[in-house]
Enquirer: 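One structure, pasted below without further comment.
Just follow the structure's listing: the first ligand is 1, and inside any ligand the first atom is 1. Sequential numbering from 1 along the given sequence is applied to the chain's residues.
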Amino acid sequence: MTYPTQPTASHFINGAYVEDTAGAPIDVIYPATGAVIARVHAATPAVIEQAITSARAAQGAWAAMSGTERGRILRRAADMIRDRNHDLSVLETYDTGKPLQETLVADASSGADALEYFGGLAGSLTGEQIPLGDGNWAYTIREALGVCVGIGAWNYPTQIACWKGAPALACGNAMIFKPSETTPLSALKVAEILHEAGLPAGLYNVVQGMGEVGAALVTHPLVDKVSLTGSVPTGRKVYAAAAAGMKHVTMELGGKSPLVIFDDADLDDAVGGAILGNFYSSGQVCSNGTRVFVQRGIKEAFLARLAERLGGAVIGDPMDETVNFGPMVSEGQLGIVERYIAKGVEEGARLICGGKRVPGEGYYLEPTVFADVHDDMVIAREEIFGPVMCVLDFDDEAEVLARANETEFGLAAGVFTRDLARAHRMVAGFEAGTCFINSYNDAPVEMPFGGVKQSGVGRENSKAAIEHYSQVKSVFVRMGAVEAPF
Ligand code: NDP
């Protein structure tokens, strides 16, 4: 099968596509049909070495350029991505199975936002001047970290490649990106476009492979920083491996986020928020509000309106722009989610709708809602990462806040209420890195994104990301004589 923007080889290193068929083959499967649409090869140790050596060689001169010059290249890449949005969205849909209706507005465009934002910021990255006593003073220099490794999950391959690459490059680093083996294609196009926009060779390399390739990158002595988007168990391994080499890390990990709906909320907005927070991208979003706490008095009205709105889900061919609900990313992920659904039924949760595979080809699962879910059920405690919403009842504010926080995760949290004082009280109490008031899952590049507790460390997007892709050198300047004891 051929399709627009098909990458021409497995890896992108030192400004060019590179193939090495000695690496283990990885078949790329289109989730809507199960058909193999491409084959890439995992990076061999020689390919990994080539990627790291070229990144190391290019990084110094890149960091020595002015931030404005670096930023101009990133902004040019952003414009090119927007110009090619349609083809890139088609590729993202082939990679992930997400409906084109969604990828046209949420993936390449979000990547372009990151390149534009950090490109704009690059020229203003500075240290500070610190006046001290006796006429002495200090200043700080904001420096690049060096070679950064980005490791991506499979749900947002274009976006993750840009969210990690843009701040890294803006700060003067080189980036080596390893996509998930499930979705290897989109990041290659990001690399190709960056180089077409003028990025010098070696500064944004893409290598393919499974966890072992990620692990080889993380432990390589010439790597200075690792940014992972993935699950908590992988995060623990990668964090530990990076710590052994005293490397900087950003960890964007999983969640089981609470979405709290009070009885004074606008019901349709709340239902809309719950739909966005559970069924967008077939529920494969880390920040999803999968524990939907609904105040008892409006529970049945909420469930009735939700069921009605779910009738509007158009499940089908993701390339058909009228389709708004696509398949799961892989057969494996579909199986995991089906097992959670069976567990929910076994635990006594009330299945309101969905719960079954959609007959026919592809990895489709119906949007699924459980009501009468209790805090101690497995489906309320573990990240499912699929289109499964758990609805839990609550009576009052203090109770729901305590229950919302009763989790090892802390990625996101949301609240729907017309009482804004209560909304802000709830947000102040949420143990979560990213919160939403009367909305859910917005991720504008201007806003920091990330988690607390087991959901990760560091922040992506916004000025906060700069802190995680640069370091400060302090310089003390004495203006007078040096006084020494002897
Ligand atoms: P995984 O944790 O399984 O994998 C993430 C990436 O890490 C993949 O590229 C994987 O390679 C790689 N990897 C696996 N083991 C190692 C290792 N030992 N060393 C280095 N790299 C390794 O996550 P999924 O891809 O299954 O993605 C789903 C998870 O990602 C969910 O838990 C979700 O919550 C989380 N996520 C978090 C987001 C956030 O921003 N907080 C956003 C999106 C997803 P490979 O898979 O090719 O073997």
Enquirer: Measure the spacing between CG of N461 and CD of Q159 and express it to the nearest 0.5 Å.
Expert: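 With rounding to 0.5 Å, CG (N461) is 7.5 Å from CD (Q159).
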Enquirer: Which value, rounded to the nearest 0.5 Å, describes the distance between Q50 atom CD and H11 atom NE2?
Expert: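 Here the interatomic distance stands at 9.0 Å.
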Enquirer: So which of E408, E406, E431 actually passes salt bridge (charged side-chain N to carboxylate O under 4.0 Å, His left out) with K453?
Expert: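 With K453 as partner, salt bridge (charged side-chain N to carboxylate O under 4.0 Å, His left out) holds for just one option, E431.
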Enquirer: Enter the distance from L217:CG to C148:SG here, rounded to the nearest 0.5 Å.
Expert: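 So the CG of L217 and the SG of C148 are separated by 12.0 Å.
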Enquirer: Determine the interplanar angle of the Y204 and F177 rings, folded into 0 to 90°, and report it as parallel if under 30°, tilted if 30 to 60°, perpendicular if over 60°.
Expert: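 Because their plane-to-plane angle is under 30°, the rings of Y204 and F177 count as parallel.
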Enquirer: From S89 OG over to E102 CD, what is the distance, rounded to the nearest 0.5 angstrom?
Expert: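 Atom-to-atom, S89:OG and E102:CD are 11.0 Å apart.
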Enquirer: Name the residues with a heavy atom less than 4.0 Å from ligand 1?
Expert: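 Close residues (ligand 1, cut-off 4.0 Å): I151, G152, A153, W154, N155, K178, P179, S180, E181, G209, M210, G211, G214, A215, L228, T229, G230, S231, T234, V238, E252, L253, G254, C286, E383, F385, L411, F449.
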